[in-house]
Amino acid sequence: MIAATPPMGWNSWNTFGPNIDEGLILETADAMVASGLRDAGYKYLVIDDAWMAPERVGGRLMPDPDRFAMGIAALAAEVHDLGLLFGIYSCAGTHTCEGFPASYGYEDVDARTFAEWGVDFLKYDYCYAIAGADPVQLYRRMGQALRQTDREILYSVCEWGAHKPWEWAASVGAHMWRTTEDILDTWESVSRIGFDLQADLHPYAGPGHWNDPDMLVVGMGGEGHVGRGGMTDAEYRSHFSQWCLLASPLMIGCDVRSMSDSTKNLLLDPGLIAINQDPLGRQAYRVGVAKDHGPAETWARPLADGAWAVGLFNMGDEDGRLMSVGWEDLGLRLDQPAGVENITTGEAAESLVGSYATNVDSHDVNVLRVTPEL
Ligand code: GLA
């Protein structure tokens, strides 16, 4: 099954925007291997907007001849040789958001072209959609065209959540769909996109079809970062922890050729990745007394082995907030002994009954694994 667990990889857009070329892609592929990202599960290397030449050639999309001189098939082959999968981008309208030719009216030929090139993942955007077009039809057309190729191609719908894609995208063949506008490298953006806007979406995610709160901004605030704001280590930790709890696709958006140690350690955290990739595929939801947005938010999801993953998020400005999760929030009997492992602090499992409490600093998180004992 494609995307039996949330897709993991890297996408060029967040850091590089339209300034992409084959040299960057090959260096990124090498860095994904050398840093251990590939072996941790980050398999898809996706080129976003602006890879195309300004015009079709013989009715087919072509890569920009200067920036992608080797051609996409040869580039995809090099990426495959490194044990990675290769993704590309087009758009359901007449043009991409950056004004390059897109797939409206060319769905079949473009899907065949992508398959011939060895593409494994298509991100399909929504700029320049023709007036009055039904988005469901537009996305169905590309979904059918992809299925008619002889290649397994992961289909990533990107219409920014405008027409509630969680209600229809899986039925047109999508494996993931954006639920929101574009993410920015700010706490304000992350707390809106990853928390407020996700609260009601958990029923729609599952193996093969995932809500997508957009790509990761972890590590973008580092040295060489070009101006979008940047977050603290605690805020990046909350962002990444929440995307793991949400069973969100984990598409890295920073420059992986020059990650700091804290960025690398976070993106490679085995406890958090295991939660994200849990085979049950349940997306976390808010639990506890205030099931609402607030300075203290508790999110939880059941895992395949009967444990619960819990995120205690201090969304407020005060450090050291006392936060807790009660067994009743997890559907456990109050006298049920459970092992609690604090994945964030690394504190070993302790056996408790009733609840677990800890202090969490401003904009930080503690992620727990609560395992009922038999
Ligand atoms: C839209 C998408 C982004 C990115 C850009 C490319 O804004 O939402 O993720 O793909 O287009 O132009």
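Counting convention: from 1, in listed order, for ligands and their atoms alike.
- Between the side chains of Thr96 and Asp49, at least one donor-acceptor pair of N or O atoms lies under 3.5 Å.
- For Ser362 and Glu318, the side-chain atoms include no donor-acceptor pair closer than 3.5 Å.
- For the 3.5 Å distance criterion, the side chains of Glu235 and His239 fail to qualify, holding no donor opposite an acceptor.
- Ligand 1 has an N or O atom lying under 3.5 Å from an N or O atom of Asp125, backbone or side chain.
- Comparing Met251, Glu98, Lys123 by heavy-atom distance to atom 9 (O) of ligand 1, the nearest is Lys123.
- For atom 8 (O) of ligand 1, the closest non-hydrogen atom of the protein is Asp182 OD1, 2.6 Å.
- Atom 12 (O) of ligand 1 has as its closest protein heavy atom Asp49 OD2, 2.8 Å.
- For Arg178, the heavy-atom gap to ligand 1 drops under 4.0 angstrom.
- Asn314 and Asp364 are not linked by any side-chain donor-acceptor pair at a separation below 3.5 angstrom, with hydrogens and angles left out of the test.
- Nearest protein heavy-atom neighbour of atom 5 (C) of ligand 1: Trp13 CE2, 3.6 Å.
- Using modelled atom types, one finds a donor on one side chain and an acceptor on the other under 3.5 Å when comparing His363 with Trp187.
- In Asp200, the CG atom is not crowded: 12 or fewer heavy atoms of neighbouring residues, nucleotides or ligands sit closer than 6.0 Å.
- Looking at Ser238 and Ser241, their side chains never bring a donor and an acceptor atom within 3.5 Å of each other.
- Counting atoms of ligand 1 from 1 in the listed order, those under 4.0 Å from a heavy atom of Cys158 are 2 (C), 8 (O).
- Using a 4.0 Å heavy-atom cutoff, Tyr126 is absent from the residues neighbouring ligand 1.
- Less than 4.0 angstrom separates some heavy atom of Trp160 from each of these atoms of ligand 1: 1 (C), 2 (C), 8 (O).
- Within the 4.0 Å heavy-atom cutoff, Asp48 counts among the residues contacting ligand 1.
- With 3.5 Å as the limit, one finds no donor-acceptor pair spanning the side chains of Tyr44 and Asp120.
- Proximity to Cys97 (heavy-atom distance under 4.0 Å) selects the following atoms of ligand 1: 1 (C), 11 (O), 12 (O).
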